[in-house]
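For reference, the structure is listed below as structure tokens.
None of these values were measured; they are calculated from a predicted model. Sequence lines set the chain letters: A, B, ... in the order given, protein chains first and strands last, and positions in each chain run from 1.
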There are 2 protein chains.
Amino acid sequence: MHDVAAAAGVSRGTVSRVLNGGYVSATARAAIEAAIAQVGYVPNTAARNLVTQRSQAVGFLVLEPHSLLLEDPNIGAIMLGANAVLSDADYQMVNLVIDSARDTERITKYLSGGFVDGAVIVSARAHDPITQLVADLGLPATFVGHPPDLEQGIPFVGIDNVGSARAITERLAGTGRRRIGMIAAAVDRDSGADRLTGFRQALGDRFDPDLVAEVAFYHYADGMDGMRALLQREPGIDGVFAASDAVAAGAMQALREAGRAVPADVGIVGFDDSPWAQRTAPALSTVHQPAKEIGARAADLVLRQLAGKSVETAGVFLPTPSSGAPPPDRAGPDPPSLARRPWPDVDQGLPRRSRAYGRAWISFPRPFALDRRRSP
Amino acid sequence: MHDVAAAAGVSRGTVSRVLNGGYVSATARAAIEAAIAQVGYVPNTAARNLVTQRSQAVGFLVLEPHSLLLEDPNIGAIMLGANAVLSDADYQMVNLVIDSARDTERITKYLSGGFVDGAVIVSARAHDPITQLVADLGLPATFVGHPPDLEQGIPFVGIDNVGSARAITERLAGTGRRRIGMIAAAVDRDSGADRLTGFRQALGDRFDPDLVAEVAFYHYADGMDGMRALLQREPGIDGVFAASDAVAAGAMQALREAGRAVPADVGIVGFDDSPWAQRTAPALSTVHQPAKEIGARAADLVLRQLAGKSVETAGVFLPTPSSGAPPPDRAGPDPPSLARRPWPDVDQGLPRRSRAYGRAWISFPRPFALDRRRSP
DNA sequence: TTGTACGCGTTATCAA
DNA sequence: TTGATAACGCGTACAA
């Protein structure tokens with residue numbers, strides 16, 4: 001900058017003003033811009049951050065194993081949605097995966113060091129140290145999912161996991177399955193716990209804790225393990241609610257290995273409406289989750305806080321999968337009915353169908369992939 | 001820091017010394033550490049960066065569409081490998097996806113602003129502006145894949161795509177297929193171009209340009225499109241080399257829709273040995289690519305430059321898939337033979353088998369998934 | 001409209 | 001071993 005000022009024959013203050021907007025004469029501005037181009041000047045962000053106390057960056061915190069970032073298209077889609085909003089506002093999104101005590105330590109430094117102005121936090125559990133840190137720092141943040149009770153005052157955005165899980169379980173039960181189990185993943189996260197709750201609610205008296213296999217993550221491999229466990233406990237199982245599509249895909253693999261036909265012998269439903277749901281054979285019925293929009297809203301809530309606007313700290317529930325109304329951008333004037341509507345896939349653009357069922361929107365490849373009467 | 005110094009009754013210089021290591025008396029150190037805890041002091045990284053001219057962060061640049069980061073387990077695995085090495089050295093990896101002119105602009109600022117000390121660059125093409133920027137900045141960097149000719153002096157790490165593609169194509173041809181096509185993705189990247197070259201070399205006189213469908217990305221959807229195009233051009237096609245496993249999975253879906261059986265009617269091979277390869281039915285034969293290690297080596301090369309060590313700028317070719325030797329950590333004393341060996345999957349840990357075939361290591365789920373004589 | 005000068009929070013140099 | 005003090009590169013209040 002010194003060089004630029006010298007080349008343009010002005011003071012550094014004037015250079016700074018043309019960079020940031022201030023009263024500058026046209027001649028001075030022209031001279032400075034020429035000098036900038038000539039010298040190849042780029043502002044030093046560290047110095048700017050130091051004085052402005054801002055970084056123009058927002059962290060995207062994921063409290064899951066690194067591998068899940070690749071496995072789980074749901075997290076990926078949330079990330080994409082957040083990134084779209086952030087880059088649009090000229091913020092740089094910084095991915096921060098916390099998977100160990102060492103990660104926690106390094107990222108604690110990162111967050112407190114002024115590297116980010118705010119954060120979107122995914123998969124936080126109560127008592128996660130990072131959650132506490134964000135609160136202590138007063139870092140503008142938004143949770144994806146229910147916040148731990150501690151952190152009131154931090155907004156969140158999510159879906160009605162309980163209602164959606166209940167709805168798809170009821171649908172599964174409606175196909176005449178008698179022994180219905182669940183592969184419940186990540187019950188230490190609110191999403192996992194809520195989906196289990198919804199499953200339990202749907203089954204009521206018929207709920208059998210023995211038919212719930214708990215696994216750690218929304219992971220293909222965990223789906224295989226969970227399904228094997230269920231088969232061992234109850235060979236007569238004929239229906240399974242998998243906590244995510246990836247889990248469902250793993251479960252189907254385990255069933256194939258066990259020689260069970262899907263959906264003839266065992267019906268499976270998933271959750272997320274991710275690409276997994278279509279790439280299984282047969283394609284999965286699943287709950288549509290507006291993952292990209294969740295990410296976008298979460299990022300937007302961070303940006304609003306950054307702009308000093310007021311924000312509802314109570315939380316935002318996106319309507320698509322759970323409120324009984326179709327997603328806003330596709331909503332017709334009528335209340336949701338059983339009429340089919342075209343539905344774009346999460347990220348492939350392949351046509352699917354969705355239907356309001358109870359309080360949930362369920363996405364499926366055929367009228368209903370599980371109906372025994374329709375499968376050969 | 002001022003507060004800490006005051007609370008401990010020392011100068012800021014002494015505080016800085018206990019933070020960064022220097023001669024400090026035990027009593028002073030104790031007093032300062034107590035003060036740090038009491039005040040809840042965290043160093044300001046922006047200020048530190050300003051004076052040290054370092055950020056302890058390394059960028060992971062991907063010059064692909066955002067969605068590919070989710071779709072392509074290969075990029076993901078490279079990222080994981082890089083991140084493991086970087087976090088181990090207490091560097092923060094920052095993900096930078098460049099997918100538009102606006103991204104380029106924002107990330108240019110980010111890179112020139114001192115936000116990162118170095119970069120791992122994936123999928124760069126010649127003449128990518130970012131490539132030029134990195135060279136101009138003198139930013140310590142490593143390319144994954146061949147570097148564009150321009151940027152000599154920047155090291156790279158890759159595999160022998162030509163040789164591997166040739167080997168697996170020869171294997172495919174060896175199963176008796178007569179009309180063999182290729183779905184060539186990303187031919188504007190070196191990996192895509194090289195795989196096409198290898199395919200062409202393997203077929204020699206039998207190479208028919210009409211049987212090559214070029215698609216933009218290593219994408220499931222592109223695989224479907226490519227396969228449809230091939231089927232239209234040559235209904236009698238009976239073998240396909242897909243440029244990646246995701247492309248192969250898409251191609252299989254298209255074949256399924258067209259009523260062709262795999263591998264009975266059409267044999268397919270892929271590339272990457274990613275989870276895609278196992279989750280298709282039947283599972284794919286594919287070229288094993290040590291993606292995690294590629295990422296790790298690339299990150300390591302950046303770190304070495306940062307440490308001022310000399311680095312071979314010519315490039316590193318990892319031996320696993322292409323050099324004719326088995327991967328270092330699993331290599332026996334003997335030269336590779338046709339004997340089977342157990343092989344852990346890229347990230348699932350499921351057992352697979354690999355075999356040296358010509359210059360490439362090929363990973364497959366059965367003796368050879370394509371052998372017609374072995375499939376019903 | 002412009003230049004001057006101070007301060008942002010650290011590290012590094014030097015003399016003590 | 002410690003304490004002053006000068007950078008680091010920039011934004012901005014203030015004076016001109």
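Backbone-only contact: A/M1 has heavy atoms under 4.0 Å from sugar-phosphate atoms and none from a base.
When the side chain to side chain donor-acceptor pair (under 3.5 Å) test is applied to B/D99, the partners found at least two apart in sequence or on another chain are B/H66. Scanning for ring-ring contact (aromatic ring centres under 6.0 Å, His included) contacts around B/Y110 gives B/F115, with sequence neighbours left out. Scored by the side chain to side chain donor-acceptor pair (under 3.5 Å) test, A/T14 finds A/S11 as partners (sequence neighbours excluded). Listed by chain and number, the residues in a side chain to side chain donor-acceptor pair (under 3.5 Å) with A/N44 amount to none (sequence neighbours excluded). Looking at residues two or more places apart in sequence or on another chain, you find a side chain to side chain donor-acceptor pair (under 3.5 Å) between B/S16 and B/N20. Among residues two or more places apart in sequence or in another chain, the salt bridge (Lys or Arg N to Asp or Glu O under 4.0 Å) test is passed with A/D3 by none.
The salt bridge (charged side-chain N to carboxylate O under 4.0 Å, His left out) analysis of residues 54-69 of chain A, with sequence neighbours excluded, yields the pairs A/E64-A/R189. Screening residues 31-63 of chain A for ring pair (Phe, Tyr, Trp, His ring centres under 6.0 Å) gives no qualifying pairs among residues at least two apart or on separate chains. Contacts classified as salt bridge (charged side-chain N to carboxylate O under 4.0 Å, His left out) and involving residues 74-98 of chain A (residues at least two apart or in different chains) are given here: A/D88-B/R102, A/D90-B/R102.
Between the side chain of A/Y91 and the main chain of A/G118, no donor-acceptor pair closer than 3.5 Å is present.
One interatomic measurement links the two molecules: CD of B/Q53 to P of D/dC8, which rounds to 8 Å at whole-angstrom precision. Counting to the nearest Å, the P atom of D/dG11 and the CD atom of A/Q56 are 12 Å from each other. Rounded to whole angstrom, the span from the CG atom of B/L50 across to the P atom of D/dA6 amounts to 17 Å. Spacing between atom CD1 of A/I36 and atom P of D/dC10 amounts to 10 Å, rounded to whole angstrom units.
For the contact set between residues 2-20 of chain A and DNA chain D, defined by any heavy atom under 4.0 Å, the members are A/R12, A/G13, A/S16, A/R17, A/N20. Contact check of residues 37-46 of chain B against DNA chain C (heavy atom, cut-off under 4.0 Å) returns B/Y41, B/V42, B/P43, B/N44.
Close approach of DNA chain C to chain A, defined as any atom under 4.0 Å from a non-hydrogen atom of the protein, starts and stops at C/dT1 to C/dG9.
If B/A26 and A/R48 are placed on DNA chain D by their nearest nucleotide, the residue sitting closer to the 5' end is B/A26. A residue-by-residue look at B/A28 and B/A47 shows that B/A28 has its nearest nucleotide of DNA chain D further toward the 5' end.
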Derivation and outcome, salt bridge (charged side-chain N to carboxylate O under 4.0 Å, His left out), residues B/R297 and B/D300
CA-CA 5 Å; B/R297 289 295 289 272; B/D300 184 60; 5.1 Å; no
